[in-house]
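As the structure lists them, so they are numbered: ligands from 1, and atoms in each ligand from 1. For the numbers below, each heavy atom of this structure counts, side chains included, while hydrogens, waters and symmetry mates do not.
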Amino acid sequence: MSRIDLHLHTTHSDGSLSPAEVLRLAHKAGVTALSITDHDIVSGIPEALAVGADLGIEIIPGVEISSRVGNSELHILGYCIRWQDSELIQRLAALRESRHRRNPQIIEQLRSLGLDVTYEEVRTLAGTDAIGRPHIARLLMDKRFATSAKDAFDRYLAEGRPAYVARELPVPADAIGWIRAAGGVAVLAHPTWANVSGEGLNSLLSTLKAEGLGGIEVHYSTHTKRQTMDYLDLAKRLDLLVTGGSDFHGITKPDIEVGTGRGDLKVPRRLLDPLKEAAIGLGPP
Ligand code: AMP
Ligand code: ZN
Ligand code: FE
Ligand code: FE
């Protein structure tokens, strides 16, 4: 049974490896289909398609959009999107703008804590327009203000820490709507982030489904067997598609590998056809 990986980040957002490098690792891990799901940007897809054709890896055009409802930050994955859709590209550019409004405020907080960092340094290090906190974490590591990305988040960047600044985020219904408008299937990423379980999660997912959500990321690097079973059960009950991926980022999540996560991730290839069929079922452009 071959494996797939539907959640991967590259240098086009806050991952530390290029699409080509990610695909080479995927190939080694026996991954036969994958999705590059960079935050708020689709510019890594052409390279993935080219290298995928060479290596015999099927590429599902993807993206990850952060949203907020109440106190929960929900990440919505978009699959089988028409990635060249001009409306989608405009929406994503607007989301990146909200990053550029927030990030300098984070830098100001860090400077006021006595850390000598500038946003120019972050931009240079990132080399992309989709700049996230992991890039700031990497600068803090390079400058020896933090020993790891986890250390940088724990000390400065995570919610509740002194350099945390909230970003303006869309509501999930908007993120789902933009993905659907580009012909894609919207999937709730890493559902543990919802901070609800049991009946609370059931009702959240029912609401999201009514707003157009098509699936849930059941298989994920950090899920316990129990969590995977519970999410699988929920997907069945709510008639949502099942997806999965590693959420590979490279050096800011050093324990997570392409295709295998922390070693025991295996996303079965049979999940792919229902996903593609759902995208086709959404109808012509
Ligand atoms: P941002 O999109 O700029 O708000 O940054 C959030 C991203 O940072 C998430 O999507 C994760 O990829 C990453 N992240 C969050 N917490 C941590 C952590 N403790 N260590 C490493 N990366 C993290
Ligand atoms: Zn990320
Ligand atoms: Fe995410
Ligand atoms: Fe992600």
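For the residue pair H190/E217, the side-chain donor-acceptor check at 3.5 Å is not satisfied. Side chain to side chain, R3 and T32 fail the donor-acceptor criterion of an N or O pair below 3.5 Å.
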>> What verdict does the side-chain hydrogen bond (donor to acceptor under 3.5 Å, both in side chains) test give for Y231 and H219, after you've listed the backbone C-alpha separation in whole Å, the side-chain angles of each residue and the deciding distance to 0.1 Å?
In response: CA-CA 9 Å; Y231 293 133; H219 304 277; over 6 Å; no
>> Test side-chain hydrogen bond (donor to acceptor under 3.5 Å, both in side chains) on S221 and D247; report intermediate values, then the result.
In response: CA-CA 7 Å; S221 293; D247 209 0; over 6 Å; no
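In summary, H7 places no N/O/S atom under 2.8 Å from the Fe ion (ligand 3), failing the contact criterion. Not one N, O or S atom of H39 sits under 2.8 Å from the Fe ion (ligand 3). Taking 2.8 Å as the criterion, H9 does not count as a coordinating residue of the Zn ion (ligand 2), since none of its N, O or S atoms falls below it.
Minimum-distance N/O/S atom of E64 relative to the Fe ion (ligand 3): OE2. The nearest N/O/S atom of D247 to the Fe ion (ligand 4) is OD1. Considering just the N/O/S atoms of H75, the one nearest the Fe ion (ligand 3) carries the name ND1.
Seen from the Zn ion (ligand 2), atom NE2 on H39 and atom OD2 on D14 lie at an angle near 90° (rounded to 10 degrees).
The aromatic rings of H39 and H249 sit tilted relative to each other, their planes meeting at an angle between 30° and 60°.
To the nearest 0.5 Å, the span separating OG on S43 from CG on L92 amounts to 10.0 Å.
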